[in-house]
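Numbered from 1 within each chain, the chains take letters A, B, ... in sequence-line order. On a predicted model such as this, the values are computed, not experimentally measured, just so you know.
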Amino acid sequence: MLLKNLNPSQKEAVLHTEGPLIIFAGAGTGKTRVITHRVAYLVSKGVNPYNILAVTFTNKAAGEMKKRIEEIVPDKGGDVRISTFHSFCTYILSAEASAFGINPDFLIYDMAEQAKVVKECLTELGLDEKKYKPSWVVNRISRAKDELNLPLDVEAKALADGDFYQQIIAKIYRLYQEKLERYGALDFGDLIMQTVLKLQEHADILAKYREKFKYILVDEYQDTNHAQYTLTQMLAEKHKNICVVGDDDQSIYSWRGADINNILEFEKDYPDCKTVKLEENYRSTPKILSMAWSVIKNNNDRVDKRIWTQNGEKGEVSVFRSLNENDEAARIAGMILDNKENFNHNLSDFAVFYRTNAQSRALEDGLRRNGIPYTIVGSLKFYERAEIKDIMAYLKLIHNPNDNVSFKRIINIPKRGIGKTSIDKLEEFANSKKISLFEAIKFIDTNTVTKSSLTGLNNFRILIKNFINLKSVKTVREIVEQVITETGYLKELELSDNPEAKSKAENIQELVSAIEDFQRRSPDNSLSGYLSQIALVSDIDSWENTSDKVTLMTLHLAKGLEFKNVFIVGLEEGLFPIGESAYDQVELQEERRLMYVGMTRAKENLYMSWAAERTVFGKTKWNVPSRFLLEAGFKEQLSDTSARNIAANFNYASNFSRGNEIQKNTFIDIDEPKRIKDDSPYSIGTTVSHPAFGNGKIIEKSGAGDDLKLVVLFSNGQWKKLIAKFANLTII
DNA sequence: ACCGTCGCCATTTTT
DNA sequence: TGGCGACGGT
């Protein structure tokens, strides 16, 4: 019964319950089905659900898995531990807080909060924010944590390498860690790293969890970083019933620390492991798969496998060119309307994927103009709005008064007459006494701050104290309602004549109902439970494809999803593959995997698009179509006789093997798009010879007379912008 | 202490 | 082009 409807490989994966197992699950090959059936099979064989751990990367995936397992094994499925890496670690750290010696009320800092702490560090260390950009430093610290490196390790390595910059990073990192500890906060990286380190320190506790989680399953294994890898190895060490599922071709998070070698080397880690490859695809048409294959096969470092399908052929796979991003959006809108009408598709059957969030704006405009409803997944994040963050900061401070970041955010919101000078003074005092800002209010007098500031600070302290006292008697919803009224936050919005105030107030009401919702459905409906849950939600988690709207999202967010009709837009060199990634084999391969992920989301129709011209930062640039389109086999469609399409014959091969002086920028600037009367011998398409660069074709010209500028594409793939007067060109 | 203006930077992707 | 942060004027 459990094994019915499974193909032979799927069945093999489900039945192999003892010992290490790696499942290479290609796109659309029924991975979730295998995982859920495997867990159900374990339970049906008599394994205690309590002994099973399944780890995923998003709450959405965890939730779906949970739901489906409960459907198959109704009364026991709920006891299986299914969670993301981060929430799993949060659970361990909370449960063992006292043994581990960490603050049981720890908060989880997001990137914005991390950056705030880094800024504090820079100020204290007297470092320049321009030279040590906070977001960049945060990134360095996060990557160090992914590698389980403490400040000490980073410093040692920096000294060994003689890397001065990295030595400074190590210094910042050390102070940053001290601050997090004082504030009672952990960042994303800490959740994993601290779990690993503390378990390594506490053999008895590690033994307990090893015994508990006899069966471990890790989904999206290609996305695990070193810390996550170590954690799973540690837990699985005794029973070795570790099953990892993934697809190296869909590894797209290396920039976030994911190490593709974890999946590539599993068979080395466990020489006696069983390997199963799921290659039959149930999602897409043969056309789509063969095109996706012709792209991904260009990658070298991949496990040999190829997905295939018995599905019938239908739909279309095509590429189209637009003039610019607005034209692109308009065409997409038109195609969606046509397609919807002629084939009776719903709007929810359409998705548009792009490489960068910035591309969504033009697409939105185009859809809106055509009256097509859409949802954007990922941008305009609810919990990143200022008003929501303000209220959340109140909740965080109430939960954990040591949280100086939240304190500083709201100390003067709404206005209490406390300015920067007073806060600086307070901070100085607090630092000297090694206490929190909140605590420090108690000890200061008018020697430290002005009288009016002191009054404001004391009022704030009483306000928060009262909220803290409510914690044990009121629900989270009741607390948040008191916060928005008693702080005067809502009143200020209501009285404001700012046009955005109304929507801010509405957002806050939405927050209240979200909290109410949380309270109703969550088993741990405490303030602490709420805060940690919110810290760990991702963009994709809250998205459901239910309403009849077109979905817009980045290619990264598209992983794991499927749509009847898919548009992949902005397929231009420099945009996708992005930036200079084309000049780095490792990066280019990751871009290619991203393309592969995008293509394999489509069930019936796959449309790819590139725009000849695109405006970025208010500057218009000419584009060359993405090499991925050529790899997909669109060579003919991309070349015609018009000047613009000379670009389509751009010599990727020579450009690819990074020569010494190859110009990196594949965009061509056009400073003067307007054509001036032209009496020069040079015209677009003319072949010319340059004394230094050799032969090339003129692909763009601007200006006239002495000002005549030419863009020449030389045979080595290099672009040059030349002033005709000085360039010494000969026409061939 | 608060508000406005100016200038700089950015767009890769995010649990 | 737009959003955010720093700085200076009141």
Which nucleotide wins on minimum distance to the side chain of [X], given the candidates [options]?
X: A/Leu557; options: B/dT11, C/dG3, B/dT15; result: B/dT15
X: A/His556; options: B/dT15, B/dA10, B/dT13; result: B/dT13
X: A/Lys119; options: C/dG5, B/dC3, B/dT14; result: C/dG5
X: A/Ala358; options: B/dT11, B/dT14, B/dC2; result: B/dT11
X: A/Met111; options: B/dC3, C/dA6, B/dT14; result: B/dT14
X: A/His86; options: B/dT14, B/dT15, B/dC3; result: B/dT15
X: A/Lys130; options: B/dC9, B/dT15, B/dC2; result: B/dC9

Would you say a side-chain N or O of [X] is under 4.0 Å from OP1 or OP2 of [N]?
X: A/Ser452; N: B/dA1; result: no
X: A/Asn139; N: B/dT14; result: no
X: A/Thr615; N: C/dT1; result: no

Over how many whole Å does the gap from [X] atom [atom1] to [N] atom [atom2] extend?
X: A/Gln589; N: B/dT13; atom1: CD; atom2: C1'; answer: 18 Å
X: A/Trp136; N: B/dA10; atom1: CH2; atom2: P; answer: 12 Å
X: A/Asn412; N: B/dC2; atom1: CG; atom2: P; answer: 5 Å
X: A/Asp146; N: B/dT15; atom1: CG; atom2: P; answer: 14 Å
X: A/Glu129; N: B/dC9; atom1: CD; atom2: P; answer: 12 Å
X: A/Lys420; N: B/dA1; atom1: NZ; atom2: P; answer: 11 Å
X: A/Lys133; N: C/dC4; atom1: NZ; atom2: C1'; answer: 12 Å
X: A/Arg385; N: C/dG3; atom1: CZ; atom2: C1'; answer: 16 Å

> Hey, which of these two, A/Thr56 or A/Ser422, hits DNA chain B nearer its 5' end, going by closest nucleotide?
Replying inline: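 The residue mapped nearer the 5' terminus is A/Ser422.
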Side-chain donor-acceptor contact under 3.5 Å, [X] with [Y]:
X: A/Tyr109; Y: A/Asp403; value: yes
X: A/Gln533; Y: A/Asn59; value: no
X: A/Tyr173; Y: A/Asn149; value: no
X: A/Asp390; Y: A/Tyr489; value: yes

> Stacking here means centres under 5.5 Å and planes under 30°; does A/Trp255 stack on B/dT13?
Replying inline: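 Answer is yes, a stack.
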Using a heavy-atom cut-off of 4.0 Å across all strands, would you classify [X] as base, sugar-phosphate, or nothing?
X: A/Arg416; result: nothing
X: A/Thr554; result: sugar-phosphate
X: A/Ser453; result: sugar-phosphate
X: A/Phe188; result: base

>> Which residue in the set A/Lys559, A/Arg256, A/Gln228, A/Gln250 passes side-chain hydrogen bond (donor to acceptor under 3.5 Å, both in side chains) when paired with A/Asp223?
In response: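 Among A/Lys559, A/Arg256, A/Gln228, A/Gln250, the one meeting side-chain hydrogen bond (donor to acceptor under 3.5 Å, both in side chains) with A/Asp223 is A/Lys559.
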> Between B/dT13 and C/dC4, how far is it from one P atom to the other, in whole Å?
Replying inline: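 Each nucleotide's P atom is 15 Å from the other's.
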> Quick one: does A/Asn299's side chain have a donor or acceptor within less than 3.5 Å of a partner on A/Gln589's backbone?
Replying inline: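 Yes, because the side chain of A/Asn299 sits within donor-acceptor range (under 3.5 Å) of the backbone of A/Gln589.
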